[in-house]
Colleague: 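Right, I'll just put the structure down here and ask away after.
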2 protein chains.
Amino acid sequence: MSEKKTKNSLQQQMESFEETCRTADLKLTHQRLEIYRELARATDHPSAEVLHKRLQKAMPTLSLDTVYRTLTTFEQYHLVKKVQTVDSQAHFEAQMSQHHHVICDSCKEIMDFHWSSFDGSPLPEDIRQWGAIKNKSVTIHGTCRRCQEVKERKNPA
Amino acid sequence: MSEKKTKNSLQQQMESFEETCRTADLKLTHQRLEIYRELARATDHPSAEVLHKRLQKAMPTLSLDTVYRTLTTFEQYHLVKKVQTVDSQAHFEAQMSQHHHVICDSCKEIMDFHWSSFDGSPLPEDIRQWGAIKNKSVTIHGTCRRCQEVKERKNPA
DNA sequence: CTAAATGCAAAATTTTTGCAGTCCC
DNA sequence: GGGACTGCAAAAATTTTGCATTTAG
């Protein structure tokens, strides 16, 4: 769960990103590299606005609309994914391999988790009739430990 | 899957809606009744705007902001749910009992399905450590039969 | 050099809010 | 009758677009 990204895996991800861009004839601009790196480094599924804020320290001229445009382009080339939420802002992730989400309804943090036994198990029969299934994933809602503790401190049992 | 709502179950749902409103001291206005009925009748998880359009035929003075405000109120009282999507518009459902979603990436239709064996099965151990889990649900992405056929007609194999 | 990408400003889209009048209980 | 609810209009929040300039390849 709390896997921290090692410098190596981020470097590998950047290399594979650059490779994909070259193959797809996407220009490797400074902005694209930094936006992708920031998203790949993030574990919290940030929105375009949040990404922009984080990057502005290092790139003061980066504009928000470039972040939007870049994320849209990345999405088209399957370099990033929009995360399903009930939020008004769209959230993104660079993690493209199969995984699931657990969302804290209190602090809204979205964490990734893996569940290979679910991934390998078949769907109900009637769904397999529905059409061509590309992907199935689980979303869990609840309250994370940290938020539970905050609540307990307010209303001790 | 393609369960059509019978007049009876809709009527029951309306009665239980009215009961909840009375208990919660929510006034039973014409607008609230019609918005709820329209959403309960729908099988396609409409947005506020779509609901508004559907209702405008029968209620020409109904305003879009009332639909928004009403849905927000309903959500607070757990009468409706926002559906997780990657759409810019928020989508809603009045179906509050446990179910899952299958989404056609081509026509964007969201259908409900049930999967009791999944509902009853335990989560991975590390997730149970994460906090208090309220709910788990599955989202399937793919292409529905109808859209597959349209594609085949365009590009015959 | 040239097509693609960026930054700026302005527009479009989606949702929320203040306020005056209306309606449910 | 009184407080909650609605409609209107205006604002806020989020995302997209047109265009002149810059930049990667």
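Throughout, a chain's letter reflects where its sequence line sits, starting with A, and its residues are numbered from 1. Values below: all heavy atoms of this structure, side chains included; hydrogens, waters and symmetry mates excluded.
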Colleague: In terms of side-chain heavy atoms of B:Lys27, which of D:dC8, D:dC5, C:dG7 is nearest?
Modeller: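 Nucleotide nearest to B:Lys27's side chain: D:dC5.
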
Colleague: Let me know the distance between CG of B:Asp87 and P of C:dT13, rounded to the nearest Å.
Modeller: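 The distance from CG of B:Asp87 to P of C:dT13 comes to 15 Å, rounded to the nearest Å.
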
Colleague: Counting any heavy atom closer than 4.0 Å, what does B:Thr73 reach on the DNA or RNA strands: base, sugar-phosphate only, or nothing?
Modeller: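 Touches nothing.
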
Colleague: Take the protein atom OH of A:Tyr68 and the nucleotide atom P of C:dA12, then report the distance between them rounded to whole Å.
Modeller: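 Rounding to the nearest Å, OH of A:Tyr68 and P of C:dA12 are 18 Å apart.
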
Colleague: Could you check whether the side chain of A:Asp65 and the base of C:dC8 have a donor-acceptor pair of N or O atoms closer than 3.5 Å, going by distance alone?
Modeller: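 Result: at least one qualifying N/O pair found.
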
Colleague: Counting just side-chain N and O atoms, does B:Thr29 come under 4.0 Å of either OP1 or OP2 of D:dT6?
Modeller: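 Yes.
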
Colleague: For B:Leu62 and D:dT6, what is the distance between atoms CG and C1' respectively, to the nearest whole Å?
Modeller: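 It is 9 Å, rounded to the nearest whole Å.
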
Colleague: Taking only the side-chain heavy atoms of A:Arg69 (C-beta and beyond), determine which of C:dC24, D:dC19, C:dA5 contains the nearest atom.
Modeller: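 When the side chain of A:Arg69 is considered, D:dC19 is the closest of C:dC24, D:dC19, C:dA5.
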
Colleague: Is it the case that D:dG25 (base atoms only) and A:Arg22 (side chain only) share a donor and an acceptor within less than 3.5 Å, ignoring hydrogens and angles?
Modeller: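 When only heavy-atom distances are counted, A:Arg22 does not reach the base of D:dG25 through any donor-acceptor pair under 3.5 Å.
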
Colleague: If you take all heavy atoms of B:Gly131 and A:Gln148, which pair is closest and at what distance?
Modeller: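 It is CA-OE1, 3.5 Å.
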
Colleague: Relative to each other, are the rings of B:Phe113 and B:His100 parallel, tilted or perpendicular (30° and 60° limits)?
Modeller: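 Tilted.
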
Colleague: Return the value, rounded to whole Å, for the distance between atom CD of B:Glu34 and atom P of C:dC24.
Modeller: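 These atoms are roughly 13 Å apart.
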
Colleague: Whole Å only: how far is the CD atom of B:Glu18 from the C1' atom of C:dC25?
Modeller: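 Atom-to-atom, B:Glu18 to C:dC25, this comes out as 14 Å.
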
Colleague: Looking at the side chain of B:Gln31, which of C:dT14, D:dT14, D:dG7 is the nearest nucleotide?
Modeller: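 Comparing C:dT14, D:dT14, D:dG7 against the side chain of B:Gln31, the answer is D:dG7.
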
Colleague: Looking at D:dT15, C:dG7, D:dT16, which one has an atom nearest to any side-chain atom of A:Ala90?
Modeller: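 Between D:dT15, C:dG7, D:dT16, the one nearest the side chain of A:Ala90 would be D:dT15.
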
Colleague: Pairing donors with acceptors under 3.5 angstrom, does anything connect the side chains of B:Glu93 and B:His101?
Modeller: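 The criterion, which ignores hydrogens and geometry beyond distance, is satisfied for B:His101 and B:Glu93.
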
Colleague: To the nearest Å, give me how far apart NE2 (A:His52) and P (C:dT6) are.
Modeller: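 My rounded result for the distance is 13 Å.
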
Colleague: Considering non-hydrogen atoms only, spot the tightest contact between A:Arg32 and A:Thr70 and give its length.
Modeller: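 Looking at all heavy atoms of both residues, the closest pair is CG-CG2, 3.8 Å.
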
Colleague: How do B:Arg32 and B:Ser88 order along DNA chain D: which one's closest nucleotide is nearer the 5' end?
Modeller: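 Mapping each residue to its closest nucleotide by heavy atoms, the 5'-most match is B:Arg32.
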
Colleague: Apply ring-ring contact (aromatic ring centres under 6.0 Å, His included) to B:His52 and B:Tyr68, showing your working.
Modeller: CA-CA 9 Å; B:His52 179 243; B:Tyr68 274 110; 9.0 Å; no

Colleague: Among C:dC24, D:dT14, D:dA24, which is the nearest nucleotide to the side chain of A:Gln89?
Modeller: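 Between C:dC24, D:dT14, D:dA24, the one nearest the side chain of A:Gln89 would be D:dT14.
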
Colleague: Over how many whole Å does the gap from B:Leu71 atom CG to C:dT15 atom P extend?
Modeller: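 Going from CG in B:Leu71 over to P in C:dT15 covers 10 Å.
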
Colleague: Considering every strand and a 4.0 Å limit on heavy-atom distances, what is the contact class for B:Ser63: base, sugar-phosphate, or nothing?
Modeller: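 Counting heavy atoms under 4.0 Å across all strands, the contact made by B:Ser63 includes a base.
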
Colleague: Expressed in angstrom and rounded to an integer, what is the separation of A:Gln76 atom CD from C:dA4 atom P?
Modeller: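 Result: 14 Å.
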
Colleague: With nearest nucleotides of DNA chain C determined for A:Met59 and B:Ser47 from heavy-atom distances, which residue corresponds to the more 5′ nucleotide?
Modeller: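 The answer here is A:Met59.
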
